[in-house]
2 protein chains.
Amino acid sequence: MEEIRKGRHRIGDMLPTETELMRAYGVSRHTVRMAVQDLRTRGAVASRQGQGSTVVSATGQARLAETIQSIEDLIAFGQETQRSFLSSRVVDADVALAEELDCRIGRRLVEVLMLRKASATGDRPIALVTLYLDFVLEHVVEDLSQVQKSAAEIIEGRFGIKAESVVQSIEAALLTDAQAAQLQARPGDPALIIRRDYSTSPEADPFLVARSICRADAFKVVSRFSCLS
Amino acid sequence: MEEIRKGRHRIGDMLPTETELMRAYGVSRHTVRMAVQDLRTRGAVASRQGQGSTVVSATGQARLAETIQSIEDLIAFGQETQRSFLSSRVVDADVALAEELDCRIGRRLVEVLMLRKASATGDRPIALVTLYLDFVLEHVVEDLSQVQKSAAEIIEGRFGIKAESVVQSIEAALLTDAQAAQLQARPGDPALIIRRDYSTSPEADPFLVARSICRADAFKVVSRFSCLS
DNA sequence: CTGCATTTGTGCGTATGTATT
DNA sequence: CAATACATACGCACAAATGCA
């Protein structure tokens with residue numbers, strides 16, 4: 001790590017082979033491998049079998065990470081919540097929607113509206129959830145209204161498409177009249193808008209976009225970061 | 001992992017020792033250690049030297065993680081920001097503050113107020129930042145007003161106290177009159193309140209609490225989750 | 001397509017250090 | 001102080017992936 005930080009090995013360079021590192025430092029292959037593994041978990045190098053290890057970052061800070069056991073943990077409501085299905089419709093992305101979802105104009109999508117409550121009946125809803133999914137995933141909607149699984153889980157089960165990359169953005173806003181009506185709140189009340197883009201890889205286009213509009217008085221997002229071991 | 005999932009080893013139980021696992025599976029200690037290390041990075045078990053490994057989760061899903069190279073990445077303003085020091089004072093926690101910071105009443109703390117702007121001069125501020133740090137860390141304040149380092153970095157440099165656990169909570173609120181005046185915004189405008197508790201371990205009390213009140217129109221929090229290798 | 005060299009991945013065996021009980 | 005258990009390190013061998021002649 002020290003040599004990488006000092007510029008002895010630049011980003012993009014291949015690290016010396018494990019055998020060379022053994023000789024260079026006078027240690028066993030086992031020790032070299034432990035060290036390189038540490039560089040990997042620090043995100044400093046990436047290794048490929050039969051090829052070698054490449055330097056990808058020179059900071060070498062031990063990374064903190066927020067880890068989640070499943071995608072569902074992202075929706076950290078802190079308490080169990082019930083979902084109630086409102087409606088779904090097929091839409092062709094107009095200019096505004098294409099802009100928001102970062103897709104081409106005219107793309108055929110399914111839009112699903114749901115509410116999230118603390119318990120099945122009686123309570124004021126906590127969040128208004130809008131899902132956008134590709135038209136080819138349309139049949140997911142049938143399951144959504146019946147099974148208490150997340151859309152991501154249903155898609156993984158039915159289509160084998162697994163979300164390996166999720167981008168989440170959180171911002172604050174005021175409830176519009178329509179949103180307030182759905183949430184049984186007052187227009188102008190503060191709200192958290194959480195948007196998640198699910199994709200199969202960091203490069204791929206998202207196959208699912210979920211946007212939750214949450215009443216600020218009923219919800220906050222808590223994340224715990226700790227050192228990777 | 002399979003045995004844990006099947007309930008052979010329950011949450012809270014100790015895993016068999018490495019020597020027992022060697023015999024049970026007829027493999028070498030090295031192989032046992034590789035397997036247990038995998039369980040650790042999956043978050044399924046936690047190991048302590050001289051004691052053993054405890055089962056802490058039974059899902060065994062490969063975890064997704066948001067990794068950050070440094071604490072500073074948490075403040076993901078998306079653009080470079082400048083910090084300007086406003087004021088600092090010594091306070092003894094009253095009931096309200098003790099409640100908010102989860103510390104005992106009367107604890108002596110240093111409260112620091114700062115503004116965060118997109119550029120050094122002329123721009124409207126983006127966020128109003130309040131720091132609370134233990135009184136013994138008081139001298140950090142001198143550096144804060146001069147160096148463009150984060151409080152966490154300064155504390156690590158001067159005191160050797162390193163944040164290995166950070167809890168972040170994000171909620172939405174409306175600006176109060178005082179906050180709006182500082183941010184050159186209107187009272188009632190929406191805002192994101194981001195609070196981070198820095199501590200040396202997940203169990204320890206935080207040595208630093210930072211609360212940022214951010215103009216919703218100038219700021220959002222973006223996190224990227226991807227599979228751990 | 002085959003064969004070979006290179007490189008990382010996986011596994012076995014052994015010894016010693018160190019923290020906990 | 002001893003026993004136990006995990007951490008670290010050495011050595012060796014073979015498997016699997018990659019690239020090249």
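Quantities reported herein were computed from a predicted structural model and do not represent experimental measurements. Letters A, B, ... are given to chains in the order of the sequence lines, protein chains preceding strands, and every chain is numbered from 1.
- When the shell of 6.0 Å around CZ of R158(B) is examined, it contains more than 12 heavy atoms from other residues, nucleotides or ligands.
- Under the 30°/60° scheme for interplanar angles, the aromatic rings of H30(A) and H30(B) are found to stand perpendicular.
- Rounded to whole Å, the distance from CD on Q37(A) to P on dT7(C) is 21 Å.
- Per the geometry, CE belonging to M34(A) stands 15 Å off P belonging to dC6(D), to the nearest Å.
- Taking atom CZ of residue R29(A) and atom C1' of nucleotide dG11(C), one finds them 11 Å apart after rounding to whole Å.
- Straight-line distance from the CE atom of M14(B) to the P atom of dT4(D): 15 Å, rounded to whole Å.
- In terms of position on DNA chain C, the residue among M22(B) and G50(A) whose nearest nucleotide sits closer to the 5' end is G50(A).
- The listed nucleotides are dA5(D), dG13(C), dA7(D); the one nearest the side chain of S28(B) is dG13(C).
- R23(B) places its CZ atom 10 Å from the P atom of dA5(D), with the value rounded to the nearest Å.
- Counting distance only, with no hydrogens placed and no angle test, the side-chain atoms of Q49(B) and the base atoms of dT18(C) include a donor-acceptor pair under 3.5 Å.
- Under the 3.5 Å distance criterion, with hydrogens and angles disregarded, no donor-acceptor pair is assigned to the side chains of T19(A) and R29(A).
- Within 4.0 Å (heavy atoms only), V36(B) reaches no atom of the nucleic acid at all.
- Rounded to whole angstrom, the span from the OH atom of Y25(B) across to the C1' atom of dG11(C) amounts to 17 Å.
- Side-chain atoms of T17(A) lie closest to dT7(C) of the nucleotides dA15(C), dT7(C), dA9(D).
- Take the nearest nucleotide of DNA chain D for T19(B) and for V32(A): the residue whose nucleotide is more 5' is T19(B).
- R33(A) comes within 4.0 angstrom of a base, heavy atoms only.
- Side-chain N/O atoms of Q51(B) include one lying less than 4.0 angstrom from OP1 or OP2 on dT21(C).
- Annotation: E138(A), atom CD; neighbour count of heavy atoms from other residues, nucleotides and ligands within 6.0 Å is above 12.
- As a whole-Å value, the separation of L15(A) CG from dT6(C) C1' is 16 Å.
- No side-chain heavy atom of L109(B) sits under 4.5 Å from any side-chain heavy atom of V90(B).
- If you find the closest nucleotide of DNA chain C to H30(A) and to R48(A), the one lying nearer the 5' end belongs to R48(A).
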